[in-house]
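Worth knowing before you read on, the calculation uses all heavy atoms, side chains too, and leaves out hydrogens, waters and symmetry mates.
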Amino acid sequence: MALIYIVEDDDSIREIEEFALMNAGHKVLGFPCAKDFYKKLDEVIPDLCLVDVMLPDESGNEIVKKLRANFMTKKLPIIMVTAKTSELDLVKGIEDGADDYIKKPFSVMELISRVKALIRRTEVQEIKELTLDGITINNEKHEVRVDGQIVELTFKEYELLSLFIINKGIVLSRDTIMDKVWGTDYEGESRTIDMHVKTLRHKLADYGTRIKTVRNVGYIIE
């Protein structure tokens, strides 16, 4: 269970977010403005924040900048919620320091999935380094090396490899992989896993053979 703060001035949207996340097992506190949010932040730092872009007293972008400039909240996971849909607006949110963004209108399932994925990603990144023989994952640099050579992986390939190594020797079902890497069960999309495993095996060269297929179940890294 995570403690989540929501900064949203629209009461109806904030209530929907609160209800959805509480039903997902989280503790949630909502704030209609930046002032109330900062006051509570001085008392308790949450595990994650949802920040609306358009607020009455301060923009969400300014809030994110302040959080990133503060030593205590520098690594606080942040998802921006915005009605702005231009690529420039979305890129600006990420450049200001947000980890992810959700565009309004959004579904409850999308909200829960994005929050779940960011929390899980943050938990993985707290492990500074993962190793399996000649494979090294440096989460501080977001870098993968195979026998000392940097290997370029996509974001999902990186997460998939991290999941395998964290659970080395353990068979992971397709449902578990979809839930942990894609943040949802994505029913009927097991082909997505197969394609990512195929490209990951290729990029890992000889080490790719360590990822074994367990028929009718999933995968394991040995």
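- Looking only at distances, no side-chain donor or acceptor of R210 sits under 3.5 Å from a matching main-chain atom of I221.
- In the hydrophobic clustering, where aliphatic and aromatic side chains (Ile, Leu, Val, Met, Phe, Trp, Tyr) are joined below 4.5 Å either directly or transitively, I220 groups with V171, V214, V217.
- Rounded to the nearest 0.5 angstrom, L48 CG and R114 CZ are separated by 12.5 Å.
- When all heavy atoms of K168 and T131 are compared, the pair lying nearest together is NZ-O, 3.7 Å.
- A salt bridge links E8 to K104: at least one charged side-chain nitrogen sits closer than 4.0 Å to a carboxylate oxygen.
- If you take CG on N61 and NZ on K65, they are separated by 6.5 Å, rounding to the nearest 0.5 Å.
- Judged purely by atom type and a 3.5 angstrom limit, N138 uses its side chain to pair as donor or acceptor with the backbone of K141.
- Rounded to the nearest 0.5 angstrom, I79 CD1 and I102 CD1 are separated by 5.0 Å.
- Residues V64 and I78 share a closest heavy-atom pair of CG2-CG2, 4.0 Å.
- With 3.5 Å as the limit, one finds a donor-acceptor pair spanning the side chains of E157 and T199.
- Taking OG from S173 and CG from N216, the interatomic distance works out to 12.5 Å, rounded to the nearest 0.5 Å.
- The distance from the OG atom of S113 to the CG atom of L118 is 12.5 Å, given to the nearest 0.5 Å.
- D52 places no side-chain N or O within donor-acceptor distance of the main-chain N or O of L55, the cut-off being under 3.5 Å.
- Nearest heavy-atom pair across M80 and A98 is CG-CB, 3.4 Å.
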Donor-acceptor pairs are to be reported for all side-chain atoms of residues 22-39 against protein atoms at under 3.5 Å, with residues two or more places apart or in another chain.
unit_1: H26; atom_1: ND1; unit_2: A2; atom_2: N; d: 3.2
unit_1: Y38; atom_1: OH; unit_2: E58; atom_2: OE1; d: 3.3
unit_1: Y38; atom_1: OH; unit_2: E58; atom_2: OE2; d: 3.3

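- Contact check on R174 versus D194 returns a salt bridge, with a Lys/Arg side-chain nitrogen under 4.0 Å from an Asp/Glu carboxylate oxygen.
- Shown here for G60 and V51, the closest heavy-atom pair between the two residues is CA-CG1, 3.7 Å.
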